[in-house]
Every structure is written in structure tokens, then in C-alpha cells.
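To start, the structure itself, in C-alpha cells.
A, B, ... follow the sequence lines: proteins, then strands. Residue 1 opens every chain.
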Amino acid sequence: MTTPDDTPVLDDATRDPEAFRASAPIILDGVDVGIDDRSFRPHGESGDTLLDGLNPQQREAVEYRGPALLIVAGAGSGKTRVLTHRIASLLANREAWPSQILAITFTNKAAAEMRERVEALVGESAQGMWISTFHSACVRILRREAENFGYNRNFTIYDAGDSKALLKRIIKELEADTFGFTPGSAAARISKLKNELSDVDSFARTADRSDPKEAMFLEIFRTYTRELARASAFDFDDLIGQTVYLFRAFPHIAALYQRRFRHILVDEYQDTNHAQYELIHALTQPIEPDEVAELEAKDYNLGKLVDATGRVPGASLTVVGDSDQSIYAFRGADIRNISEFERDFPGARVVLLEQNYRSSQNILSAANSVIANNFDRKDKKLWSAGGDGEKIIGYTGYSGHDEAQFVADEIEKLHSAGVPYNEIAVFYRTNSQTRALEEIFIRSALPYRIMGGTKFYERAEIKDAMAYLIAVANPADEMALRRVLNTPKRGIGPATEAQLAGYAEANGFTFRQAMRDAGSLGMGPKVTSAIVELARLLDEGATMIDPENPAGQSKVSDVLVHLLKGSALVESLRASRDPQNEARAENVEELVAVTKEFERNNPEGGLVEFLTEVSLVAAADEIDDASGTVSLMTLHTAKGLEYDAVFITGVEEELLPHRMSANEPGGPAEERRLFYVGITRARKRLYLSLAMTRAQFGDVAVALPSRYLQEIPAELIEWKQSPGFANSRGGTQSRALNARRASRQPDRGLSGAGGSFGAKPEIPASAWPNRVTAQVRDNGDLTLEPGDRIRHVDFGDGKVTAVTGEGSKRVAHVQFEKSGAKKLLIKIAPIEKL
DNA sequence: TTCCGACACTTTTTT
DNA sequence: AGTGTCGGAA
């Protein structure tokens, strides 16, 4: 979890210079636009030293001043450095106050890092800046302005799962499933529309209503929108879209932010969608004279901002991006935003950064030759002054488990050669690939962390506990109430739920009110008291955070503990005989710990702030660089990160490129960019691996090497085990794949094996000395000592050389006769003592 | 209303 | 393989 970017908006303070000084002591004497106080000296480097160590292009990107700047930054070209130095130089030269800077990054983690790096350059004057994601920035604006357009500032944020749950109910009620609608398909379509800034009305105007399916979709969209509004909730896409509507509908509110942010910087611009583009566009508009007058009438000091025409010119915009790293088209990212930047912002300067400071030349050459296969791109070649470096290592496993064992073994080798675990990462295309990796890593006692995937906050029991908190913070949120209604079991079934909803509808009040009044519904005494009791518990929670409450604001953890006690959520999990429920109970207790952690990091933050933070945490935010663990993540999550050693697994057709991308326009090209992003994360070592067979949906399918492998020149790859088997047409894969170089394991045993596509390959197991099965066993409290001989199901006989660790985490270091040295977790490894 | 077993369906990537 | 959903019985 990251610290939220919760610096207060300084608008109120800037109206009154005295208050401003008090709240931001680093800024002396001042109106926020007066930049003439000579005593303001940032700590750290002065303006000149900010340019030290930068190449000429980087310098230009830092120094250029003008309305618009596009920095085309290839992978590893130091763009974060350029961005932070650019911000630092604006501050150091006192061309801008911190509060006038808005920097948008892709993840909270990137935002935190950028803030840290700017602070390292200029010291604490970095405090008042807004450095955040699009979503966080919009939440701040929306909470601030919510009351101005009919929303409650305690609105709930629905994540993708919440949206789908709501749509599921709507589709059921409308019986829309008969038209083939699923929550997923409806959510995707609505999301797409919102990313294009379409709302129900504009969609209704263009939709073909004579088509019953279209009419039904319109009905779904309309109901969904109404339900969100009724619950005082925004979905992810609304956060951006509603902010744009807000600015359009209320120019005087837009003017506040146009005035405040004089320098806007956007990272990963190639992944912005239309709504985000419009948001940036709105923020960089000039303030017209009538709005200027209105602002001044409200005592906002515009001072020197007003130009000769009586307007405040638009903020200066800096965007950084690389169209070769655009991997979010599926989410509405529009590559035209970057390719047509010069047209959108006339007079824009473009700076190209092509020198790579991250990777060895071999890695870059591979990346260049892969991406060169995407036509319709500006040619751009990364180069490094750092020398060729190591060759790329290739490996073909018999199965996903075999591949995982290779990865584990190589990681162990790297580690004993001095590469720390946290400098090693394993990437894959789909989250489902983690299973095999995880099994092997646990068995091999490798410390690892999975980024993203099934996230803590997506677990059912955590969502239940969170729903209690949401119901307290936002009583209008019916979905949270419905979720909480019968968890833990209270004997309130769907029939009762429907009765409550009907009662609320008929009387024109909220679901929550209906719960309070359950007594007048004539239901059974047990059910009635359960409902009334729950309503009372939630109301108690609400008074605990009520700002009017004389007893003061309770801490989030106190509210949560009170709700958990009152609802007996944890106890009911503990009482159940399902063994998994013990782990669930522990998860809920972990959530209490999370709230306490939040309180430590955010002494000012309340329940709403906590809920916001939880809603906006992303996979990449969890990455803890200091921990000594290997990181496992999807290729998407890997964007923006770098490691000494990188493993890309599952480099197979149907997986990379993924089969789902085949039919999408631009799909294969986007998949290629994804591969390119993965390759360019590596500094020194790159491993590409694949498997001949891969388990999916419970059975085994044949896999073919990815077409992208052939695009890497053969001399860059050293195959530990090449995928040189016959393909479906009876020929062989390209020369690159057959890699006729001297290899310790010649291709002999492989080529010709396998056979026609679709059949299970009959490959002699002897061809894979490392062939690994998914077997796990419980060895109880088997004890091993150095010198013991053991037999492993997959690796054969070996001798224990050392034993480390405690209790269930005891690890045997074993020298196998045929398979080399390995570490095994004694408790679960498929071994027996001889 | 809840519980249980049979079943169907899943897996693209994420703020 | 694992999870969610549905129908029927208690």
C-alpha cells in the first residue's frame, strides 16, 4: 500500500496569503503567483547542476520552455530522470510554485517514486505538488466539487468487480441475458462508451433502437447509470468522465483548476484514452476574460498571470511517451493522442530520447528487431554505449512445470552468483500462468511475490468487510447494503431482500431506510430483528465518523472493529468447519492491520480517504523494492519497471500473442509491443522460455513457439533447449528456432518428435532430464540431515548437503546425481529418504 | 432459507 | 483445476 497523495488543495489558502504562508511555510511571502522572492532557495541542487550528467536531448527536454512539449522517450532512455529534473528546474529557477505543478503518472507507485526523486533534488518544496494518477487526481477534484453538481462527497468508487456485480443484477432484472448480454460484455461496452465520453443520452441519440438488442443495451446502460447515481457512486471510468463533464458544465470551476495548475506533465501519454485526453485538454485551456473577472471578484489573486488580452494563457503541457510501448488499446488507450500531439497542440516542440542507459546491446538488438516488425511506426532504434553483454538464454520445457523448474534453477544460479532476489523478475502474459511457477517456487524454497493477480481486496471476505465500511461511509450505496445484508448468515434470503427493495421503492425512500423500518413490513420476528439490528449497527458506525458528533471522529480501525464485533463476521468464519475459513478470518484480521497502517501513514485521513485509497491501489503499487524476493507479474504490470535479470515465460503462440488478440484489429501488433516492453525491462540478463505442452482448462494442449521468437536474430540467443520440433505443416520452424549452434543438449532428441498440430506430442521423456511433474506430497515431519540420501520423483537420487530454515519451512540443499544442485522445501517436496 | 451436489464455464491484459 | 450457478431436498 502506498501513501496517498493527500496534500490539501491550496485554493482556500491561496485566497488568503496569511493562511497560505501558515500552511506551506516553505513558500515565503506570498501570493502564489509571485515568484520574486529572492530568498526562496530550494535545498539540493541549483538550477545549473540539474543538467549535469544529462545528454543533449535530455537537457533540451529539461530546459525547453513553451506551451507544449512532447518527449518521445524510448525504453530505458531516462525519461523519469528527465521529468523529475524538469520539475525540479521549474521549482529551482522559481518559474513555478509547487502548487502550480500537476504531474500525472500511470500508477500510484510511479507517482510516489517521482515525488521522492523530485524531493531528493529540491527538498521539501516538492510538498504542494499534485503528483498522482489520473484517477486519484480526479477523485480529489470530484470530492472537492461533488456538492456543486448533486453528488455527495462521500461517494463510493466502484471497481470493475463492483460494476459487474451491479450489471449482473440489472441484466437479471431486465432478463437481458436472453439477448446474450453478460455482465462482462455489458461492462466492457459501457466502459468503452465512457472512455469516449458518451453518456446515456448521447448513446440514445445514435443507437439503432429498432434493433431489439440495441434497445436492450440502452436500457441496461440507462439503468446502470441511474443505479450508480442513486447509490452516489462512480465507476472507474466515471472518475475521469465526470470530471470532464464537471469542467464543461461549470466553466468557473474549471477556471479554478486552470488557474492553479500552470505546468502539467503527463507520463505514459501513449496509454491515455480519449476521456483523459479531454481532461488534459480542458485543464490546459486559457481562462477567458469573463472568468478572470469572476475569479478576481472572489478574491483570487491572478496577478501576473493575466496577459495583455485580459486572459490567463493555458498551462504549459509536457507529455512523455513511446508509441512502441502502447499496450492498453484494449482499455481505450488511443495511440493518436501521441501521434497527433503536434497537431493538437500547435507549436509543440518534440524531443527524441534514443540512447538507452538500461540494457546491454544484445537485449536492445533483440528488442529493436522484434519491434521493427510493426509497420506503421516511426523508425526508432535504441542504442547503448554499454557493450554487448550476455546472450539471451532460451529454454523449451516439456510442460509449464518443466519451464517453471528451469526458471527456478536459473534464479538459484543467479542468486548464488550474487544477483539479489529483488533484482530478478518473472513475466508472463496471463495470470493463470502463475500457478505452475508458484508450485515450483514453493517447492524450491525460492522467495517470491506475485504482483496483482487475485488481489487481497478482491477476496470475498475482504469485500464483505469493506462493504460494511462502505455502507457506513455512504448510506446510499445499496450494493454494499445488499452485500452485507446476509453476510454472515442472518436468515435474510433473496425474498426478504426483494421485499425490502420493493418497500423502499414504493415509499420513495432508500434501502437503508427500509431496513430501519423493517418492523412495519410484517415479516417474521427473527428476520425483522436481524434487519433492524443490522441497520442499527451501521447507524452506530455512521455516528462514529459523523463530523457533527461531539465525541469526535473515530479512527477507521475502531469503526471496522466495531462493525466486525457487531456483525460477528469473524466469529462466524471461525465457527464454520470449512478449513479455508480460518484463512479467511485471518485475512479479515489482516484488514484491521491494514487500517491501522493507514492511520499511521495518514494521521489526517478518515474513512472516506481509506476507502479511496483501497479503490485505487494497483498491482504495480504493491512492489516493494527493498524486499529480498523475486517478483512475478504480468507483462502489463511490468511496464515502467526494470530488473537486472528478467524471465519472460510462455513465449508461445496462443499465449503471446494471446489467442484473444487474434481477431482484434491491431491485436498482434499490440502483443508484439507487449513482448517488446518485457524485453526492454532487462538490464543484464534476459531469459525467454516456453513449454511444448501447457495445461489449460484442466487438460493439456500442445503449444507452438511464438512467432515473435523468430524475429530475434539467432545469434543473439543461446538455446539451453531449443524448440526445434516439426510444426503443423510438416516443416520445421525457422532457423532462429532451430539454432544450429553448439548446444549442450543437441536437438536430436527433439526434432521429428511431436507431430501434427492438435495431437498430444509423443516425446520421449528422456529428452527432458529436467522434466517435472506437478506432484506435491505432505511429508509430515520428515527430518533430513546432511549426508542423507534421498529419492525425488522428478530428479532421481541425490545427497543432502545442508539443511536450513525452521519448522515447516525447513529446506534441504540436495546434490542430485543427474539434475544438479537444488533446494527443496522438505515438508512438501515429492521425496523419500533412502 | 440453507445446504449440497451436479454442472458449466473459465483465462487476456488493468486504472 | 477451480470457481460460480442452479435445482432440488431438508
Side-chain angles (χ1 to χ4, degrees), chain A residues 104-111 132-139 157-161 163-165 168 172 177 182-184 187-188 191 194-195 234-241 268 271-273 275-276 326-333 400 427-436 439 451-455 458 460 486 488-497 523-524 526-527 530 576-578 580 612 615-621 633-639 650 654-664 667 670-671 673-675 677-678 694-701 774:
Chain A
I104 302 278
T105 59
F106 203 66
T107 63
N108 293 306
K109 155 102 176 156
S132 66
T133 62
F134 271 105
H135 296 266
S136 306
C138 287
V139 169
I157 302 165
Y158 280 12
D159 65 19
S163 299
K164 277 197 194 139
K168 193 174 161 189
K172 200 166 184 179
D177 49 339
T182 63
S191 174
K194 288 189 176 182
N195 285 334
F234 292 121
D235 65 22
F236 268 142
D237 302 309
D238 283 336
L239 296 177
I240 317 289
E268 309 283 11
D271 285 325
T272 52
N273 60 35
Q276 291 165 334
S326 161
I327 54 175
Y328 283 100
F330 72 92
R331 205 170 78 191
F427 303 154
Y428 36 81
R429 176 65 234 269
T430 68
N431 281 309
S432 60
Q433 289 169 255
T434 53
R435 199 164 299 149
E439 277 172 22
M451 281 30 250
T454 317
K455 276 170 254 155
E458 283 170 13
N486 200 30
K489 301 258 181 299
R490 295 187 176 88
I492 308 172
T496 313
E497 185 181 323
M523 294 179 290
K526 246 176 121 178
V527 178
S576 141
R577 59 193 188 298
D578 184 343
Q580 280 194 314
T612 302
S615 305
L616 300 179
V617 285
D621 296 340
M633 67 191 84
T634 65
L635 285 161
H636 283 88
T637 306
K639 189 172 72 159
E654 309 279 275
L655 210 47
L656 187 69
H658 196 277
R659 64 172 71 80
M660 291 294 170
S661 71
N663 302 326
E664 289 161 19
E670 175 145 322
E671 299 283 305
R673 289 194 293 269
L674 196 52
F675 188 43
V677 165
R694 197 164 286 277
Q696 57 169 9
F697 302 149
D699 56 13
V700 180

Considering every strand and a 4.0 Å limit on heavy-atom distances, what is the contact class for A/A695: base, sugar-phosphate, or nothing? nothing

Short side-chain N/O contact from A/N486 to OP1 or OP2 of B/dT2, under 4.0 Å: yes

May I have the distance from A/D238 (atom CG) to B/dT15 (atom P), rounded to whole angstrom? 18 Å

Atom NZ of A/K639 and atom C1' of B/dT15: how far apart are they, to the nearest Å? 11 Å

A/K164 NZ - B/dT14 C1' separation (whole Å): 11 Å

Test A/D237 against A/S191 for side-chain contact (heavy atoms from CB on, under 4.5 Å), laying out the working first. CA-CA 6 Å; A/D237 302 309; A/S191 174; 2.9 Å; yes

Sequence neighbours left out, what passes side chain to side chain contact (heavy atoms under 4.5 Å, CB included) with A/T133? Give chain and number order. A/T105, A/N108, A/H135, A/S136

For every nucleotide of nucleotides 4-13 of chain B, 5' to 3': is a protein heavy atom under 4.0 Å from its base (B), only from its sugar-phosphate (S), or from neither (-)? S-----BBBB

Would you say the side chain of A/I240 lies within less than 4.5 Å of the side chain of A/F134, judging by non-hydrogen atoms? yes

Applying ring pair (Phe, Tyr, Trp, His ring centres under 6.0 Å), can you list everything that pairs with A/Y328, at least two apart in sequence or on another chain? A/F106, A/F330, A/H636

Figure out the CZ/P separation between A/F106 and B/dT15, and round it to whole Å. 7 Å

List the residues meeting side chain to side chain contact (heavy atoms under 4.5 Å, CB included) with A/S432, not counting sequence neighbours, and say none if there are none. A/T430

By ring pair (Phe, Tyr, Trp, His ring centres under 6.0 Å), which residues pair with A/F427, not counting sequence neighbours? none

Toward the 5' end of DNA chain B, which comes first, A/P494 or A/F134, by nearest nucleotide? A/P494

Return whichever of A/E497 or A/R331 has its heavy-atom-nearest nucleotide of DNA chain B closer to the 5' end. A/E497

What is the distance from CD of A/Q276 to C1' of B/dT15, rounded to the nearest Å? 8 Å

Would you tabulate the nitrogen or oxygen pairs shorter than 3.5 Å linking the protein to nucleotides 5-8 of chain C?
from	atom 1	to	atom 2	distance (Å)
C/dT5	OP1	A/K168	NZ	2.0

Tell me, please, which residues at least two apart from A/A695 pass side chain to side chain contact (heavy atoms under 4.5 Å, CB included). none

The salt bridge (Lys or Arg N to Asp or Glu O under 4.0 Å) partners of A/R694 (sequence neighbours excluded) come to A/E403, A/E652

For A/T496, answer base if it contacts any base atom (sugar-phosphate contacts may also be present), sugar-phosphate if it contacts only those atoms, and nothing otherwise; contact means non-hydrogen atoms under 4.0 Å. sugar-phosphate

Apply salt bridge (Lys or Arg N to Asp or Glu O under 4.0 Å) to A/D235 and list each qualifying residue two or more places apart in sequence or on a separate chain. A/K194

